[in-house]
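Worksheet: the structure to be examined is printed underneath.
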Number of protein chains: 2
Amino acid sequence: MTRVAVIGAGPSGLAALRSFQSAAKKKAKIPEIVCFEKQDDWGGLWNYTWRTGLDEHGEPVHGSMYRYLWSNGPKECLEFADYSFEEHFGKPIASYPPRAVLWDYIKGRVEKAKVRKWVRFSTPVRMVEWDKKKKLFNVTVHDRRKDRMYTEQFDNVIVASGHFSTPNVPFFEGINSFNGRVMHAHDFRDALEFKDKDVLIVGRSYSAEDIGSQCWKYGARSVTATYRTKPMGFKWPARFEERPLLQKLVGKTAHFKDGSIKEIDAIILCTGYQHHFPFMAEDLRLKTTNRLWPLDLYMGTIWEENPRLSYLGMQDQFYTFNMFDAQAWYVRDVILGRIKLPKLDAMKKNSRAWRKREEKLENAEQMIWFQGDYVKELIAATDYPSFDVEAVNRTFMEWEHDKMADIMGYRNKGYRSLMTGTMSPKHHTKWVEAMDDSMEAYMKND
Amino acid sequence: MTRVAVIGAGPSGLAALRSFQSAAKKKAKIPEIVCFEKQDDWGGLWNYTWRTGLDEHGEPVHGSMYRYLWSNGPKECLEFADYSFEEHFGKPIASYPPRAVLWDYIKGRVEKAKVRKWVRFSTPVRMVEWDKKKKLFNVTVHDRRKDRMYTEQFDNVIVASGHFSTPNVPFFEGINSFNGRVMHAHDFRDALEFKDKDVLIVGRSYSAEDIGSQCWKYGARSVTATYRTKPMGFKWPARFEERPLLQKLVGKTAHFKDGSIKEIDAIILCTGYQHHFPFMAEDLRLKTTNRLWPLDLYMGTIWEENPRLSYLGMQDQFYTFNMFDAQAWYVRDVILGRIKLPKLDAMKKNSRAWRKREEKLENAEQMIWFQGDYVKELIAATDYPSFDVEAVNRTFMEWEHDKMADIMGYRNKGYRSLMTGTMSPKHHTKWVEAMDDSMEAYMKND
């Protein structure tokens, strides 16, 4: 029997499981699926852990999730086409749910699909190698519960281990003798730790914007964000400012490029993540920065040099859950033989064309349409339920404008579901006043 | 040509390099030595890094070293028999040097030996496997500077990667929603971060004792150490107390087993380390807790089931640098064929006898003599320069007593070198008043 290994049981890996289960439900013959998950539960980043650095087994902690995180984009842009929020919660809910609500939603679909039996938990993958003679992958994993490493053979491997787990941590002069706290966003857990502190945020992307806002919301004395190229440019409230790049640290004093200085207690490096696959043999290992079109992946997923291998969700992302779905369904159909791949040259040519278009993108609007077009092309190739991708694009635009208009207030807005057509209700509490991020608190009033 | 892989260029790995170089200097024919080191410089734990969690390449940070660390045992107990402190520094120095001084000392010997060319830096080992047919090890490593994984064959492998790198992190009720900082000793870097804070130290061993003392010395508002079995029992100064085991956390309130509570800002888990070798195949992987006599290692070093593999420094330690030396010389002589190993059964029997004796040890004094006896037996088997091990044992006793008498003052004491016979001078500043841990500050006055 054909065997497929899926690495990771987060949103991408679970999309892969659901894609095969969905085919089986429609009477297709599917391979044996084995999903290896490092954590002891599924949900990937959405499975919050208080741990930082290394986990209880000494494995690098996967999660970069923090307490009080609310979605920073409308749930209408990430809704599954085969499982709506309304189906899951039995009623319409507001547009920017906190983490626990999104985790519940992700889990709901795969619980319904009954695919948990395919997952081997607490089992990090140590090495994936291609056996040229046998034309099989040797996948070596470590069962942490039994503390036993073992190797099994697979016909296909789907890498769905994410790329927001391995921090990119730059050096700044004096950071090695800074007398306060230094951390990467990956290790950020509870904004209350920074109450009454002067916090320095390094970076200008989503982590900087959201962790900075969190620290502000939960009572930091001041938040100073420092940028290399340009400021985030939002209309920040009092106690929140942006400064040009940090040049050096002396004791607890930060020196900025404009010559200004500030005493700070903590530095949170929101400096991005690395694509990191130490468990993939050299000839199978994706090497890319975080961008909308990584090379070497046909249709953004199939490893061109060996199409028995694929990667899910490795793009920089506007689209998330439903893009992972579209990719998973595509990969599934390649594995099932429903999609016939072109020759290597043609695949490479196709990828180069996408990359060329990607390189010309100038702003978020263009990037959203680019990724929307990609999602459309994927969906057209499979039986994944079609949805109005261009309407999702437009919701993304609205979100961008709402955020620019009011960085601390955009989460109070609501949008229409593109899956059910229902308008989301207004949430009972404004985001700046909502301190409790539990599912109970969120659901009580909708 | 025979090839030997050494994993790690810390005190143990460098002992291995020096052992072979020493043989070569005496005209022996030695194998090709390749040492793989994850960090970009040598010295292991003594090579301080400000980084925590994952390093610049996404690899788990090796170091558990923190700023302002001064040796917690007399340097006279860890002195190399072939390279004295006096030789290195050109004069006698005081007995409890700070980190930078010890790092300099470790480096001095291997710089003199000119073995840096054997080390491939920034190269973590991914997998070590035994090829039964070829009777060779396949060692797969990752050159992080070129971002390239490759595999080479070796006749022998010496694992010297340490066992104070992978934290053991227990769960306590409420720790997942504690509103302050939670960290393991592994991630502790700068005691000034805890100035004016109420710090909770969990544990009663060396990390608890030293990190607690550091926080106290650098101005923590209070230090509360919580123990499971029994208190450390030192005569703590004001602002430092011990309480029975932490039961749970509610908000920022710690609840202890005696029913008492305390508001705290930070929890430092000094709860030990795991022996963690995820890069060793199942049949080669040492599995042990931290103890004086781990099983499966003949003479505490030779992997009994395959003596082409050995481990250095895997014991719980009173003896350190000179014990690693004694082990390294022993392993070297096994590899060079100078020591002939007994059959598997005899090796196992020998190990069981040591273990049996270890299990009966009742106090630190007995443990020191046990480990001293082990070191003596190793040294007797090779040409490692002999020294008065029993006199070192007695220095350990003196240290234990000095520490019990004055936990914040024992580092002001001095001891006689067992290698040179010189009495160490008094240090110019008392430890509680010495805030600068640089080598310059330490050396200026001796």
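Residue numbering restarts at 1 for every chain, and letters A, B, ... go by the order of the sequence lines. Owing to the predicted nature of the structure, the values given are computational and were not obtained by experimental measurement.
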Quiz item: With a 4.5 Å limit on heavy-atom distance, are the side chains of B:H276 and A:E59 in contact?
Solution: yes

Practice problem: Examine whether an atom of B:H57 lies under 4.5 Å from a heavy atom of chain A, and if so say whether it belongs to the side chain, the backbone or both; otherwise answer neither. | Solution: backbone

Quiz item: So which part of B:P170 gets closer than 4.5 Å to some heavy atom of chain A, the side chain, the backbone, both or neither?
Solution: backbone

Practice problem: Name the option with the most non-hydrogen atom pairs under 4.5 Å to chain A; the candidates are B:D283, B:V61, B:D147. | Solution: B:D147

Quiz item: Is the shortest heavy-atom distance from the side chain of A:R285 to the side chain of B:H142 under 4.5 Å?
Solution: yes

Practice problem: With a 4.5 angstrom heavy-atom cut-off, could you sort out which part of B:N168 is near chain A: side chain, backbone, both or neither? | Solution: neither

Quiz item: Just wondering, do A:M149 and B:M127 contact through their side chains at under 4.5 Å, heavy atoms?
Solution: yes

Quiz item: What are the two closest heavy atoms between A:L54 and B:S165, and how far apart are they?
Solution: CD1-O, 4.1 Å

Quiz prompt | B:M183 versus chain A, the contacting section by heavy-atom distance below 4.5 Å | solution = neither

Self-check item: Working for side chain to side chain contact (heavy atoms under 4.5 Å, CB included), residues B:F171 and A:W50
Solution: CA-CA 10 Å; B:F171 174 79; A:W50 59 279; 3.7 Å; yes

Exercise. Heavy atoms only, distances under 4.5 angstrom: which of B:T52, B:I175, B:T151 has the most pairs with chain A? Name it, please.
Key: B:I175

Exercise. Select one option (side chain, backbone, both, neither) describing which atoms of A:A191 are under 4.5 Å from chain B's heavy atoms.
Key: neither

Quiz item: Does atom CZ of B:R228 have more than 12 heavy-atom neighbours from other groups under 6.0 Å away?
Solution: no

Quiz item: With A:N179, which of B:R189, B:E193, B:R67, B:K195 fulfils side-chain contact (heavy atoms from CB on, under 4.5 Å)?
Solution: B:R67

